[in-house]
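Notes follow once the structure below has been shown.
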Amino acid sequence: MPELPEVETIARGLHKRIAGERIQSVWLSEKPEPLKSSPVQIVRVLEGSRIVQVRRAGKHIVFDLERKVRGAGAEAGRGQWVVHLGMTGRLQVALPDSEVSRHTHAIVKLASGREVRFVDPRRFGRLAVTGDSSEGTRGFTAPGDEPLESRSERFVELFRGRKTPIKSALLNQKLLSGVGNIYADESLFRAGIRPRRRACSLTKEHLRNLHRAVQEVLQEAIALGGSSISDYVDAEGNEGFFQLQHRVYGREGEPCSVCTSPIKRIVIAGRSSHYCPHCQK
DNA sequence: ACTATTTCCTGGATGC
DNA sequence: TGCATCCAGGAAATAG
């Protein structure tokens with residue numbers, strides 16, 4: 001389940017491999033449910049465009065595109081191809097004669113002959129394009145704050161006064177974009193805060209600690225190439241290693257790494273949440 | 001304006 | 001062994 005560190009790893013890998021390439025053609029599967037834009041729009045924006053860079057915005061992978069000037073007086077078109085991997089989405093860079101795996105929903109053919117394939121068994125992922133200058137010069141951005149860029153004061157403001165459990169607030173992409181279930185649990189453990197605590201019950205000090213914990217966890221995870229659980233692999237097919245550093249996520253019943261109390265698992269907003277009843281208050 | 005709950009989707013794990 | 005059921009969870013939609 002790709003969250004910020006996994007998406008960052010994938011985006012960096014893709015950038016290294018395909019930045020500068022021109023898109024020749026696009027194939028979309030028969031039943032293109034995982035599309036946020038219409039097939040026509042996607043083809044129109046992608047075909048003939050050059051991939052200037054591949055980057056991450058929240059949990060989205062953004063391909064910044066530049067179109068060739070077509071006809072006199074036409075301005076160079078810009079656009080973005082935006083991919084959300086959902087739970088099980090993958091972007092593969094493949095050679096054209098390699099086997100197309102099941103659940104392949106899109107194939108983007110590049111001028112070099114290679115292909116970028118979007119594969120997603122569970123179909124929670126989404127593809128979209130954004131056009132021209134409508135988004136301004138900055139291009140696509142995630143709806144909430146980037147956790148690695150937000151400063152402490154701003155972070156505190158985001159959560160203060162909210163009645164919802166802090167875990168739910170961390171998962172709310174409109175507040176903070178990029179934190180998912182794993183890193184929410186890991187961050188709360190490091191900050192010593194129980195996931196069910198209401199955000200409004202936390203002091204500024206708590207929230208500052210949480211802000212630091214979120215940034216540390218995300219940065220360490222990026223450094224290790226993300227967490228490989230289920231079948232996550234990056235753009236090169238490599239696994240990440242941050243799952244070895246998980247202190248609470250997926251460790252129900254196991255001893256806490258700090259105090260040896262058994263880790264508890266509860267359900268908040270329909271998601272499993274893991275914490276140490278002794279270390280987290 | 002917020003918050004909580006439901007829905008989508010399929011592979012893998014579990015249970016009888 | 002086989003079949004049914006459950007579970008994972010991001011984010012949009014729906015309900016309160």
Side-chain angles (χ1 to χ4, degrees), chain A residues 1-11 29-38 56-62 82-91 100-106 118-128 130 140-147 157-188 195-202 214 218 221 226-233 239-240 242-243 246 248-253 263-275:
Chain A
M1 46 216 66
E3 303 178 25
L4 187 149
E6 292 77 31
V7 176
E8 178 72 32
T9 304
I10 293 165
S29 68
E30 289 297 309
K31 279 178 268 178
E33 285 123 293
L35 303 181
K36 269 176 112 175
S37 310
S38 75
R56 177 193 63 76
K59 293 179 194 170
H60 305 266
I61 295 172
V62 183
V82 181
V83 179
H84 194 298
L85 298 173
M87 290 283 294
T88 51
R90 288 158 86 154
L91 285 167
V100 176
S101 29
R102 247 186 113 184
H103 306 298
T104 298
H105 304 300
F118 177 64
V119 184
D120 184 14
R122 221 169 287 181
R123 291 192 285 170
F124 275 21
R126 291 290 178 267
L127 301 187
T130 63
F140 179 89
T141 54
D145 280 24
E146 285 290 339
E157 272 324 297
L158 278 181
F159 297 106
R160 267 169 63 101
R162 290 187 181 269
K163 233 174 58 186
T164 195
I166 186 62
K167 166 78 183 273
S168 300
L170 282 174
L171 293 178
N172 185 343
Q173 301 297 299
K174 288 179 184 127
L175 301 177
L176 215 56
S177 295
V179 177
N181 209 34
I182 296 174
Y183 297 104
D185 281 4
E186 293 299 318
S187 301
L188 287 166
R196 260 217 263 260
R197 282 281 299 269
R198 309 235 164 223
C200 56
S201 78
L202 299 172
V214 167
L218 294 177
S227 300
S228 282
I229 60 173
S230 308
D231 52 0
Y232 163 78
V233 286
E239 295 187 355
F242 192 73
Q243 68 279 6
H246 292 176
V248 286
Y249 183 84
R251 298 196 51 206
E252 180 185 12
I263 298 301
K264 284 191 79 171
R265 188 184 88 93
I266 59 176
V267 174
I268 299 172
R271 314 236 169 88
S272 60
S273 304
H274 314 73
Y275 71 99

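For clarity, every value in this text was computed on a predicted model and none was experimentally measured. Residue numbering restarts at 1 for every chain, and letters A, B, ... go by the order of the sequence lines.
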Inset, instruction - Specify the residues of residues 161-173 of chain A, ordered by number, for which at least one heavy atom lies under 4.0 angstrom from an atom of DNA chain B. - result: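 Heavy-atom cutoff 4.0 Å gives A/Arg162, A/Lys163, A/Thr164, A/Pro165.
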Can you tell me how far [atom2] of [N] sits from [atom1] of [X], to the nearest Å?
| X | N | atom1 | atom2 | answer |
| --- | --- | --- | --- | --- |
| A/Arg198 | B/dC2 | CZ | P | 16 Å |
| A/Met87 | B/dT7 | CE | C1' | 14 Å |
| A/Glu252 | C/dA8 | CD | P | 10 Å |
| A/Leu176 | C/dA11 | CG | P | 12 Å |
| A/Leu4 | C/dA11 | CG | P | 11 Å |
| A/Asn181 | C/dC7 | CG | P | 16 Å |
| A/Lys174 | B/dA4 | NZ | C1' | 14 Å |
| A/Glu3 | C/dA8 | CD | P | 15 Å |

Inset, instruction - Could you check which of C/dG9, C/dG10, B/dT5 has an atom nearest any side-chain atom of A/Ser272? - result: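 Out of C/dG9, C/dG10, B/dT5, the nucleotide with an atom closest to A/Ser272's side chain is C/dG9.
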Is a donor on one side and an acceptor on the other found under 3.5 Å between the side chain of [X] and the backbone of [Y]?
| X | Y | value |
| --- | --- | --- |
| A/Glu3 | A/Tyr183 | yes |
| A/Gln173 | A/Leu171 | yes |
| A/Ser177 | A/Ala142 | no |
| A/Arg56 | A/Gly58 | yes |
| A/Arg265 | A/His274 | no |

Legend entry - side-chain contact (heavy atoms from CB on, under 4.5 Å) partner of A/Asp185, the single match among A/Val248, A/Leu170, A/Ile263: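 Filter result, single survivor: A/Val248.
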Legend entry - Along DNA chain C (nearest heavy atom to each residue), the more 5'-positioned of A/Arg265 and A/Arg271: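 Per heavy-atom nearest nucleotide, the more 5' residue is A/Arg265.
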Inset, instruction - Compare side-chain N and O positions of A/His84 against OP1 and OP2 of C/dA11 and report whether any pair is under 4.0 Å apart. - result: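 The answer is yes; a side-chain N or O of A/His84 sits under 4.0 Å from OP1 or OP2.
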Legend entry - Short side-chain N/O contact from A/Tyr249 to OP1 or OP2 of C/dG9, under 4.0 Å: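 So the side chain of A/Tyr249 is within the cut-off, an N or O lying under 4.0 Å from OP1 or OP2 of C/dG9.
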Legend entry - A/His103 and A/His105 aromatic ring geometry - parallel, tilted or perpendicular at 30°/60° bounds: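 Rings of A/His105 and A/His103: tilted, 30 to 60°.
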So which protein nitrogen or oxygen atoms get under 3.5 Å of nucleotides 10-13 of chain B's nitrogens or oxygens?
unit_1	atom_1	unit_2	atom_2	d
B/dT10	OP1	A/Arg123	NH2	2.7
B/dT10	O2	A/Arg122	NE	3.2
B/dG11	OP1	A/Arg102	NH1	3.4
B/dG11	OP1	A/His103	NE2	2.9

Inset, instruction - Please answer whether C/dG9 and A/Phe124 are stacked, defined here as ring centres separated by less than 5.5 Å and planes angled under 30°. - result: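 Here the ring of A/Phe124 and the base of C/dG9 are stacked, with centres under 5.5 Å and planes under 30°.
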